[in-house]
Amino acid sequence: LRNDLNRSIRRLIQKSETSLLIFTPYFNLPKPLKKDIIKALKRGVKITIVIGDKTANDFFIPDEKDFTTIGIVPYLYEMLLLRFVKRWQKFVDSGLLTVRLWKHESNSFHLKGIVSDERYHLLTGSNLNPRAWSLDLENGLVLDDVDKTLLPDLKKETDIIFANTQILNHYSKLKTS
(Lines give C-alpha, C1' and ligand atoms only; values in the text may rest on other atoms or scores of the structure.)
Protein backbone atom coordinates (compact mmCIF):
# COMPACT_ATOMS: atom_id res chain seq x y z
CA LEU A 1 0.00 0.00 0.00
CA ARG A 2 3.02 2.22 0.21
CA ASN A 3 2.93 3.42 -3.38
CA ASP A 4 0.62 5.06 -5.90
CA LEU A 5 0.35 1.97 -8.11
CA ASN A 6 -0.90 -0.24 -5.27
CA ARG A 7 -3.39 2.45 -4.24
CA SER A 8 -4.56 2.81 -7.84
CA ILE A 9 -5.06 -0.95 -8.19
CA ARG A 10 -7.11 -1.02 -5.01
CA ARG A 11 -9.18 1.98 -6.12
CA LEU A 12 -9.97 0.31 -9.46
CA ILE A 13 -11.33 -2.72 -7.65
CA GLN A 14 -13.05 -0.79 -4.87
CA LYS A 15 -14.85 1.52 -7.31
CA SER A 16 -15.84 -1.15 -9.81
CA GLU A 17 -19.58 -1.33 -10.29
CA THR A 18 -20.31 -4.06 -12.82
CA SER A 19 -17.23 -5.98 -13.95
CA LEU A 20 -13.57 -6.71 -13.39
CA LEU A 21 -11.22 -8.61 -15.65
CA ILE A 22 -7.95 -9.45 -13.91
CA PHE A 23 -4.88 -10.95 -15.55
CA THR A 24 -2.13 -12.23 -13.28
CA PRO A 25 0.52 -14.88 -13.87
CA TYR A 26 0.57 -16.09 -10.26
CA PHE A 27 -2.32 -16.56 -7.87
CA ASN A 28 -0.78 -15.11 -4.74
CA LEU A 29 -2.80 -11.97 -4.14
CA PRO A 30 -1.80 -9.52 -1.40
CA LYS A 31 -4.32 -9.65 1.47
CA PRO A 32 -5.73 -6.14 0.87
CA LEU A 33 -6.30 -6.94 -2.80
CA LYS A 34 -7.99 -10.25 -1.97
CA LYS A 35 -10.28 -8.44 0.50
CA ASP A 36 -11.16 -5.83 -2.14
CA ILE A 37 -12.04 -8.58 -4.62
CA ILE A 38 -14.28 -10.33 -2.08
CA LYS A 39 -16.03 -7.03 -1.28
CA ALA A 40 -16.55 -6.43 -5.01
CA LEU A 41 -18.10 -9.90 -5.39
CA LYS A 42 -20.40 -9.18 -2.44
CA ARG A 43 -21.43 -5.92 -4.19
CA GLY A 44 -22.42 -7.98 -7.22
CA VAL A 45 -19.45 -7.15 -9.44
CA LYS A 46 -18.85 -9.86 -12.05
CA ILE A 47 -15.18 -10.85 -11.82
CA THR A 48 -13.09 -12.87 -14.26
CA ILE A 49 -9.60 -13.85 -13.19
CA VAL A 50 -7.28 -15.19 -15.89
CA ILE A 51 -4.28 -17.01 -14.51
CA GLY A 52 -1.73 -19.37 -15.94
CA ASP A 53 -2.14 -23.07 -15.34
CA LYS A 54 0.64 -24.37 -13.07
CA THR A 55 2.39 -25.79 -16.14
CA ALA A 56 2.35 -22.30 -17.74
CA ASN A 57 4.18 -20.87 -14.72
CA ASP A 58 7.73 -19.59 -15.24
CA PHE A 59 8.88 -21.80 -12.37
CA PHE A 60 7.25 -25.04 -13.52
CA ILE A 61 9.69 -27.91 -14.01
CA PRO A 62 8.50 -30.69 -16.35
CA ASP A 63 8.88 -34.31 -15.23
CA GLU A 64 11.74 -34.95 -17.66
CA LYS A 65 13.92 -32.29 -16.00
CA ASP A 66 15.68 -32.41 -12.64
CA PHE A 67 13.49 -30.99 -9.91
CA THR A 68 14.80 -28.08 -7.81
CA THR A 69 13.22 -26.27 -4.88
CA ILE A 70 11.94 -23.41 -7.04
CA GLY A 71 9.73 -25.98 -8.77
CA ILE A 72 7.47 -25.96 -5.69
CA VAL A 73 6.25 -22.44 -6.49
CA PRO A 74 3.61 -23.34 -9.15
CA TYR A 75 2.13 -25.92 -6.77
CA LEU A 76 2.01 -23.38 -3.95
CA TYR A 77 0.17 -20.88 -6.16
CA GLU A 78 -2.24 -23.58 -7.27
CA MET A 79 -2.93 -24.49 -3.65
CA LEU A 80 -3.68 -20.82 -2.89
CA LEU A 81 -6.05 -20.73 -5.86
CA LEU A 82 -7.77 -23.93 -4.70
CA ARG A 83 -8.33 -22.48 -1.23
CA PHE A 84 -9.67 -19.23 -2.67
CA VAL A 85 -12.10 -20.93 -5.07
CA LYS A 86 -13.20 -23.43 -2.42
CA ARG A 87 -13.90 -20.61 0.04
CA TRP A 88 -15.79 -18.57 -2.56
CA GLN A 89 -17.37 -21.41 -4.59
CA LYS A 90 -20.78 -19.79 -4.06
CA PHE A 91 -19.68 -16.89 -6.29
CA VAL A 92 -18.52 -19.34 -8.97
CA ASP A 93 -21.87 -21.13 -8.73
CA SER A 94 -23.80 -17.86 -9.03
CA GLY A 95 -21.81 -16.77 -12.09
CA LEU A 96 -20.21 -13.78 -10.39
CA LEU A 97 -16.71 -15.30 -10.25
CA THR A 98 -15.09 -16.92 -13.26
CA VAL A 99 -11.59 -18.35 -13.00
CA ARG A 100 -9.92 -19.13 -16.32
CA LEU A 101 -6.75 -21.24 -16.35
CA TRP A 102 -4.57 -20.49 -19.38
CA LYS A 103 -2.44 -23.15 -21.03
CA HIS A 104 -0.99 -23.30 -24.52
CA GLU A 105 1.54 -26.00 -25.32
CA SER A 106 4.71 -25.34 -23.31
CA ASN A 107 4.36 -21.56 -23.34
CA SER A 108 4.36 -19.56 -20.12
CA PHE A 109 1.67 -17.08 -19.11
CA HIS A 110 2.76 -13.67 -17.91
CA LEU A 111 -0.13 -11.30 -18.57
CA LYS A 112 -0.80 -8.59 -16.00
CA GLY A 113 -3.51 -6.00 -15.86
CA ILE A 114 -7.05 -5.09 -14.91
CA VAL A 115 -10.09 -3.89 -16.82
CA SER A 116 -12.76 -2.32 -14.63
CA ASP A 117 -16.31 -1.73 -15.85
CA GLU A 118 -15.07 -2.04 -19.45
CA ARG A 119 -13.85 1.55 -19.05
CA TYR A 120 -10.70 1.65 -16.94
CA HIS A 121 -7.70 -0.29 -18.20
CA LEU A 122 -4.63 -0.85 -16.05
CA LEU A 123 -1.51 -1.80 -17.99
CA THR A 124 1.16 -2.82 -15.53
CA GLY A 125 4.26 -4.85 -14.82
CA SER A 126 2.96 -5.76 -11.37
CA ASN A 127 2.38 -9.46 -10.73
CA LEU A 128 -0.32 -8.52 -8.20
CA ASN A 129 1.46 -10.51 -5.51
CA PRO A 130 2.96 -9.60 -2.11
CA ARG A 131 6.49 -9.30 -3.49
CA ALA A 132 5.44 -6.86 -6.21
CA TRP A 133 3.45 -4.89 -3.65
CA SER A 134 6.22 -4.57 -1.10
CA LEU A 135 9.63 -5.03 -2.72
CA ASP A 136 9.54 -4.56 -6.48
CA LEU A 137 9.61 -1.24 -8.28
CA GLU A 138 6.56 -1.61 -10.51
CA ASN A 139 4.80 0.81 -12.77
CA GLY A 140 1.44 1.05 -14.42
CA LEU A 141 -0.73 3.15 -16.64
CA VAL A 142 -4.48 3.57 -16.11
CA LEU A 143 -6.49 4.50 -19.19
CA ASP A 144 -9.93 6.03 -18.72
CA ASP A 145 -11.77 5.03 -21.87
CA VAL A 146 -14.92 7.07 -21.28
CA ASP A 147 -16.39 6.27 -24.70
CA LYS A 148 -15.27 2.61 -24.51
CA THR A 149 -13.46 2.87 -27.83
CA LEU A 150 -11.00 0.18 -26.72
CA LEU A 151 -13.72 -2.46 -26.28
CA PRO A 152 -13.64 -3.93 -29.82
CA ASP A 153 -9.87 -4.47 -29.60
CA LEU A 154 -10.15 -5.77 -26.04
CA LYS A 155 -12.77 -8.26 -27.21
CA LYS A 156 -10.47 -9.49 -30.00
CA GLU A 157 -7.56 -9.90 -27.57
CA THR A 158 -9.60 -11.62 -24.86
CA ASP A 159 -11.12 -14.00 -27.44
CA ILE A 160 -7.59 -15.07 -28.40
CA ILE A 161 -6.53 -15.42 -24.76
CA PHE A 162 -9.73 -17.19 -23.68
CA ALA A 163 -9.33 -19.71 -26.53
CA ASN A 164 -6.46 -21.18 -24.53
CA THR A 165 -8.27 -21.24 -21.19
CA GLN A 166 -10.40 -23.66 -19.28
CA ILE A 167 -13.02 -22.36 -16.89
CA LEU A 168 -12.67 -23.68 -13.37
CA ASN A 169 -16.32 -24.43 -12.49
CA HIS A 170 -15.54 -26.15 -9.21
CA TYR A 171 -12.54 -26.15 -6.91
CA SER A 172 -12.47 -29.97 -6.97
CA LYS A 173 -11.54 -29.84 -10.67
CA LEU A 174 -8.22 -28.20 -9.83
CA LYS A 175 -5.49 -30.81 -9.95
CA THR A 176 -2.99 -30.04 -7.21
CA SER A 177 -0.50 -32.78 -7.97
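For the numbers below, each heavy atom of this structure counts, side chains included, while hydrogens, waters and symmetry mates do not.
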- Gap separating the CD1 atom of I13 from the CG atom of L128, nearest 0.5 angstrom: 7.5 Å

- Query: What residue pairs, at least two apart or across chains, pass salt bridge (charged side-chain N to carboxylate O under 4.0 Å, His left out) with a residue in residues 148-160?
  - Reply: D153-K156, K155-D159

- Message: Is there a path of hydrophobic side-chain contacts, each under 4.5 Å between heavy atoms of I/L/V/M/F/W/Y residues, joining I9 to I49?
- Response: yes

- Message: Assigning hydrophobic clusters by single linkage (Ile, Leu, Val, Met, Phe, Trp, Tyr; side-chain heavy-atom cutoff under 4.5 Å), is L96 placed with L21?
- Response: no

- OH (Y75) and NZ (K54) are apart, to the nearest 0.5 Å, by 5.5 Å

- To the nearest 0.5 Å, how far apart are CD1 in I47 and OG in S16? 6.5 Å

- Message: Nearest 0.5 Å, please: how far is CD1 in I22 from CG in L111?
- Response: 13.5 Å

- Donor-acceptor side-chain pairing of T149 and D145 below 3.5 angstrom: yes

- Sorted by chain and residue number, the side chain to side chain donor-acceptor pair (under 3.5 Å) partners of T124 (sequence neighbours excluded) come out as none

- Establish whether L82 and V50 are linked, either directly or via other cluster members, by ILVMFWY side-chain heavy-atom contacts under 4.5 Å. no

- Atom OG of S126 and atom CD1 of I114: how far apart are they, to the nearest 0.5 Å? 8.5 Å

- Go through the steps to decide whether I37 and L97 satisfy the test side-chain contact (heavy atoms from CB on, under 4.5 Å), and finish with yes or no. CA-CA 10 Å; I37 288 171; L97 176 62; 5.7 Å; no

- Which pairs with one or both residues in residues 89-109 pass ring pair (Phe, Tyr, Trp, His ring centres under 6.0 Å), sequence neighbours excluded? W88-F91, W102-F109

- Message: One pair to check against side-chain contact (heavy atoms from CB on, under 4.5 Å): H121 and L154. What are the steps and the verdict?
- Response: CA-CA 10 Å; H121 303 262; L154 176 66; 4.0 Å; yes

- Message: Test of understanding: with ring-ring contact (aromatic ring centres under 6.0 Å, His included), list the residues that count as partners of H110, not counting sequence neighbours.
- Response: Y26

- Distance (rounded to the nearest 0.5 Å) between L5 CG and W133 CH2: 8.0 Å

- Quick one: which residue pairs count as a salt bridge (charged side-chain N to carboxylate O under 4.0 Å, His left out) with a foot in residues 107-118, not counting sequence neighbours? none

- Which residues, ordered by chain and number, are linked to L123 in its hydrophobic cluster, where ILVMFWY side chains connect at heavy-atom gaps below 4.5 Å, directly or through other members? L141, L143, L150

- Message: Holding to side chain to side chain contact (heavy atoms under 4.5 Å, CB included), I want the full list of residues that pass it with K103, two or more places apart in sequence or in another chain.
- Response: D53, T55

- Close side-chain approach of L174 to L101, heavy-atom, < 4.5 Å: yes

- Query: side chain to side chain contact (heavy atoms under 4.5 Å, CB included) with N169: which residues, sequence neighbours excluded?
  - Reply: I167

- Message: How close do T165 and I161 get, counting heavy atoms only, and between which atoms?
- Response: CG2-O, 3.4 Å

- Partner set under side chain to side chain contact (heavy atoms under 4.5 Å, CB included) for V85, not counting sequence neighbours: L81, Q89, V92, V99, L168, Y171

- Message: Restricting to salt bridge (charged side-chain N to carboxylate O under 4.0 Å, His left out), what partner residues turn up for R119, sequence neighbours left out?
- Response: D144

- Message: Do V115 and L20 land in one hydrophobic cluster if side-chain heavy atoms of ILVMFWY residues count as linked below 4.5 Å?
- Response: no

- Message: Would you say CD of Q166 has more than 12 non-hydrogen atoms from neighbouring residues, nucleotides or ligands within 6.0 angstrom?
- Response: no

- Task: State which residues pass salt bridge (charged side-chain N to carboxylate O under 4.0 Å, His left out) with D147; sequence neighbours excluded, sorted by chain then number.
- Result: none

- Query: Can you pull the salt bridge (charged side-chain N to carboxylate O under 4.0 Å, His left out) pairs that have at least one residue in residues 24-43, sequence neighbours excluded?
  - Reply: R10-D36

